[in-house]
Amino acid sequence: MISKRIGILGAMPEEINGVVGLLNNKKEVVKGMRTYYTGTINKIEVVVVFSRWGKVASATTVTHLIVEFDITHLIFTGVAGAIDNKLNIGDVVIANSLVQHDLDARPIMNQFEIPLLGKILLSPPNEMLDLAVKSIGDLIKDNVLMTLIASKEQDQFSLLNPKLIVGQIASGDKFFSNNVDKNNLLKVLPEVLCVEMEGAAVAQVCFEYNIPYIIIRIISDEANETSVVDFKEFVIQIASKFGVAIIKKLIQ
Ligand code: ADE
């Protein structure tokens with residue numbers, strides 16, 4: 001019997017390529033426009049795949065991981081736009097709750113309520129949260145993430161040693177790129193730290209299939225008028241490297 005098989009779902013193709021480079025006994029399966037890479041990291045079985053972007057795409061990918069690959073745990077990493085102004089580019093957010101900010105079946109249900117589950121927020125199991133907080137906390141305390149980035153790039157992005165923050169992440173099929181949308185979101189969901197396009201959908205599928213999961217995000221932009229410029233460059237040069245280091249630390 002398989003005791004553990006970890007699904008590693010990433011929203012950055014560059015990061016997925018880096019994680020695939022860590023695999024022993026690598027094999028590939030192509031299905032539904034996705035390439036699933038199986039193998040081991042530190043003797044633990046893993047399946048690595050690019051989630052693709054948005055709620056539908058990522059929910060489909062995680063469902064395939066659960067149903068076809070029998071994963072027992074799920075780790076999701078990617079980037080996010082900062083909503084809370086205490087976050088800087090490069091900081092790491094671990095979700096202790098997730099909400100779909102674009103889910104609105106009023107007046108039949110409350111705003112943001114997930115149909116049939118009767119819940120607005122989903123939370124990962126404590127053991128996954130504790131593992132992620134300890135592992136990423138150690139990476140930051142030991143200054144590991146910054147040593148991966150050349151000083152020229154640290155200056156280009158005004159990168160400081162990242163902070164780790166645990167809190168609420170909002171997901172939806174929307175890229176936030178102006179302050180008006182950002183402030184409107186805060187009016188209805190005042191506790192949101194950052195926004196992205198997959199996490200809460202992945203959390204819903206994992207909840208429904210009873211798969212322990214964790215959602216981790218690196219802040220790539222401020223979800224405002226500068227976000228497009230920051231986002232692309234940051235993902236390629238910084239976030240994908242942080243993502244690989246985080247996965248490496250979590251799988252041991
Ligand atoms: N992922 C990274 N930055 C984002 C933003 N500004 N909006 C939505 N998803 C994102």
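Predicted, not measured: the structure shown is a model, and the values here were computed from it. Every number for a ligand or one of its atoms is a count from 1 in the order of the listing.
Residue contacts with ligand 1, taken as heavy atom pairs separated by less than 4.0 Å, involve Ser220 solely via side-chain atoms from C-beta onward.
Distance from atom 3 (N) of ligand 1 to its nearest protein heavy atom, with residue and atom name: Asp221 OD2, 2.7 Å. When only non-hydrogen protein atoms are considered, atom 9 (N) of ligand 1 lies nearest to Glu196 CA, 3.4 Å. At the top of the distance list for atom 10 (C) of ligand 1, counting protein heavy atoms only, stands Val195 O, 3.6 Å. Taking atom 4 (C) of ligand 1 as the reference point, the nearest protein heavy-atom neighbour is Phe175 CE1, 3.4 Å. If you check which protein heavy atom lies closest to atom 8 (C) of ligand 1, you get Lys174 O, 3.3 Å.
Every atom of ligand 1 with a heavy atom of Ala223 under 4.0 Å away is listed here by number and element: 6 (N). In the vicinity of Met197, heavy-atom distances shorter than 4.0 Å reach the ligand 1 atoms 9 (N).
Aromatic ring centroids of Tyr213 and Phe76 lie 6.0 Å or more apart.
By the 4.0 Å N-to-carboxylate-O rule, Asp173 lies too far from Lys55 to be salt-bridged with it. Under 4.0 Å is where a charged nitrogen must lie from a carboxylate oxygen, and between Lys134 and Asp130 no such pair does.
In terms of polar-atom proximity, Phe176 is counted as a contact of ligand 1, with an N or O under 3.5 Å from an N or O of the ligand.
Taking 4.0 Å as the cut-off, Glu222 does not count as a neighbour of ligand 1 on heavy-atom distance.
Counting non-hydrogen atoms of other residues, nucleotides and ligands closer than 6.0 Å to CG of Asn210 gives a total of 12 or fewer.
Hydrophobic clustering, with ILVMFWY side chains joined whenever heavy atoms are under 4.5 angstrom apart, keeps Leu160 apart from Leu145.
Shortest non-hydrogen contact noted between Phe112 and Gln100 is CD2-O, 3.5 Å.
Leu9 is not listed as a side-chain neighbour of Glu198, based on a closest heavy-atom distance of 4.5 Å or more.
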